[in-house]
Amino acid sequence: MADKIIVFIDLEATGLDTSRCDIIQLAAVCEESVFNKYTVPQQNLTESATEVTGFRVQSGRLFRRDSPVETVPIDDLLTSFIDFLRSFRRPVVLAAHNVMRFDAPVLTRVMKKYDLFLQFQQVVSGFLDTFLLSKRLFPGISGYSQVSLVRNFLGKSYDAHNAEEDAKMLQELYNVWRPDQSRVMANTFKVNEKYFY
DNA sequence: TGCCAGGCCCTCTTTAGGGCCTT
């Protein structure tokens, strides 16, 4: 684990169905390095995703809360994300909240769809699930959503469902928690193609 | 027509059900 570097990520998507949703925003944070890109999804957002994320597509353009957002094609987003991860020149562990139930299946499926999974697998060694980690670290607290964890441990509210802000807050939480290596290892999972979606 | 994610975890469990967490 010592040779690895943890990159905190978050993605916003058109819905919760990991077998078919499209990525809208992908963000990654590692100390002061930040990656954040948007793409126009190919399918409509579910009603709840529109409500929760504030994204909508109109005339082929992406808007968040009525402000236009600069976008790139999805394959550009994915390749530049891999380039960003490769720039650390160390095996990367991608950390996200509930990553095993959402971000990992989506990322894996989409990387495979664009023939980028092998490249992805070459730079990413595992996924660290901070949702599972937080439940092990702090049993019995009132809730484990990222919003409630940020409120309880950092004492602030933030622009949730903006992937960049979510990733930055997750890094702050992790830095406050300072979990020992055995806890981190126990909640880190290998990258493979067998995610259920 | 009517449905619409789904695996993990917990417990008033195991011949099961419901809540959590992600968008």
Side-chain angles (χ1 to χ4, degrees), chain A residues 7-29 36-57 62-65 69 71 74 77-78 81 93-113 124 126-154 157-174 177 179 183 185-197:
Chain A
V7 175
F8 298 86
I9 66 163
D10 186 47
L11 63 84
E12 306 301 319
T14 53
L16 287 171
D17 186 345
T18 56
S19 69
R20 59 184 300 272
C21 67
D22 283 346
I23 292 173
I24 298 173
Q25 180 188 14
L26 178 59
V29 172
N36 182 30
K37 288 191 187 297
Y38 301 84
T39 192
V40 179
Q42 294 181 333
Q43 60 187 292
N44 293 329
L45 283 77
T46 64
E47 197 173 318
S48 65
T50 301
E51 189 176 326
V52 163
T53 67
F55 286 114
R56 66 183 170 85
V57 177
L62 180 67
F63 293 80
R64 184 173 192 257
R65 293 180 185 155
V69 175
T71 58
I74 179 65
L77 179 149
L78 297 174
F81 177 58
V93 170
L94 294 181
H97 210 58
N98 213 18
V99 70
M100 296 314 290
R101 295 264 51 80
F102 188 73
D103 307 70
V106 173
L107 266 181
T108 302
R109 172 175 56 82
V110 176
M111 288 291 178
K112 286 169 69 176
K113 179 179 177 182
V124 177
F127 293 109
L128 168 58
D129 196 318
T130 55
F131 169 62
L132 299 175
L133 176 66
S134 66
K135 291 210 289 189
R136 302 297 189 281
L137 288 174
F138 312 108
I141 63 175
S142 59
Y144 300 90
S145 70
Q146 188 170 326
V147 167
S148 58
L149 291 169
V150 166
R151 186 175 55 240
N152 290 338
F153 285 92
L154 304 178
S157 57
Y158 69 104
D159 187 13
H161 292 292
N162 176 335
E164 182 177 338
E165 288 303 304
D166 275 322
K168 284 179 175 174
M169 284 301 116
L170 199 59
Q171 178 172 250
E172 279 195 42
L173 276 175
Y174 188 87
W177 293 345
R183 290 283 195 181
M185 292 287 286
N187 294 284
T188 300
F189 305 88
K190 284 185 178 176
V191 177
N192 66 60
E193 299 183 59
K194 296 176 188 170
Y195 295 122
F196 21 81
Y197 45 72

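Proteins come first, then strands; the chains are lettered A, B, ... in the order of their sequence lines, and each starts at number 1. These figures come from a predicted structure and were not determined experimentally.
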>> Side chain of A/Ser145 only, heavy atoms from C-beta on: which candidate in B/dT23, B/dC21, B/dC9 is closest?
In response: B/dC21

>> Whole angstroms only, please: what is the CZ-P distance between A/Arg101 and B/dG19?
In response: 19 Å

>> How many whole angstroms separate atom CD of A/Glu165 from atom P of B/dT22?
In response: 16 Å

>> I'd like to know if the side chain of A/Gln42 pairs up with that of A/Asp22 as donor and acceptor (distance under 3.5 Å, no hydrogens or angles considered).
In response: no

> What integer number of Å spans the C1' atoms of B/dC8 and B/dT14?
Replying inline: 16 Å

> Taking the same atom, P, in B/dG2 and in B/dC20, what whole-Å distance lies between them?
Replying inline: 29 Å

> When the distance from OH of A/Tyr38 to P of B/dT23 is rounded to whole Å, what number comes out?
Replying inline: 14 Å

> What is the distance, rounded to the nearest whole Å, between atom NE2 of A/His97 and atom P of B/dT23?
Replying inline: 9 Å

>> If we check side chain to side chain contact (heavy atoms under 4.5 Å, CB included) with A/Asp129, which of these qualifies: A/Asn98, A/Thr188, A/Asp103?
In response: A/Asn98

> Can you check the A/Met100 CE to B/dC20 C1' distance for me, whole Å?
Replying inline: 17 Å

>> If you only use heavy atoms from C-beta on, which nucleotide in B/dT23, B/dT22, B/dA5 is closest to the side chain of A/Gln146?
In response: B/dT22

>> Assess, by modelled atom type and distance only, whether the side chains of A/Gln25 and A/Tyr38 contain a donor and an acceptor separated by less than 3.5 Å.
In response: yes

> Rounded to the nearest Å, what distance is computed from the CG atom of residue A/Leu149 to the C1' atom of nucleotide B/dC21?
Replying inline: 11 Å

>> Need to verify one output field. Residue with the more 5' nearest nucleotide on DNA chain B, A/Val147 or A/Asp17?
In response: A/Asp17

> Which whole number of Å gives the distance between the C1' atom of B/dC12 and that of B/dG19?
Replying inline: 15 Å

> With sugar-phosphate meaning primed atoms plus P, OP1 and OP2, does A/Leu11 contact a base, only sugar-phosphate, or nothing at under 4.0 Å between heavy atoms?
Replying inline: sugar-phosphate

> Which listed nucleotide (B/dA5, B/dC9, B/dG7) is nearest to the side chain of A/Lys135?
Replying inline: B/dC9

> Using atom C1' of each nucleotide, how far apart are B/dT13 and B/dG17 to the nearest Å?
Replying inline: 9 Å

>> A/Ser145: which residues meet the side-chain hydrogen bond (donor to acceptor under 3.5 Å, both in side chains) condition with it, sequence neighbours left out?
In response: A/Ser148

> How far, in whole Å, is B/dC4 from B/dC10 if one measures between their P atoms?
Replying inline: 26 Å

> For the pair made of CZ in A/Arg109 and C1' in B/dA5, what is the distance, rounded to whole Å?
Replying inline: 12 Å

>> Measuring only the P atom in each nucleotide, how far is B/dT1 from B/dG18? A whole number of Å is fine.
In response: 28 Å

> Starting at CG of A/Leu132 and ending at P of B/dT22, how long is that distance when rounded to a whole Å?
Replying inline: 12 Å

> What nucleotide, of B/dC21, B/dT23, B/dG7, holds the atom closest to the side chain of A/Phe131?
Replying inline: B/dC21

> Touch check for A/Asp10, heavy atoms < 4.0 angstrom, all strands: base, sugar-phosphate only, or nothing?
Replying inline: sugar-phosphate

>> Show the nearest heavy-atom pair for residues A/Phe63 and A/Val69, with the distance to one decimal.
In response: C-CG2, 4.3 Å

> In terms of ring plane angle, is the pair A/Tyr144 and A/Phe131 parallel, tilted or perpendicular, where the classes change at 30° and 60°?
Replying inline: perpendicular

> With sugar-phosphate meaning primed atoms plus P, OP1 and OP2, does A/Arg136 contact a base, only sugar-phosphate, or nothing at under 4.0 Å between heavy atoms?
Replying inline: sugar-phosphate

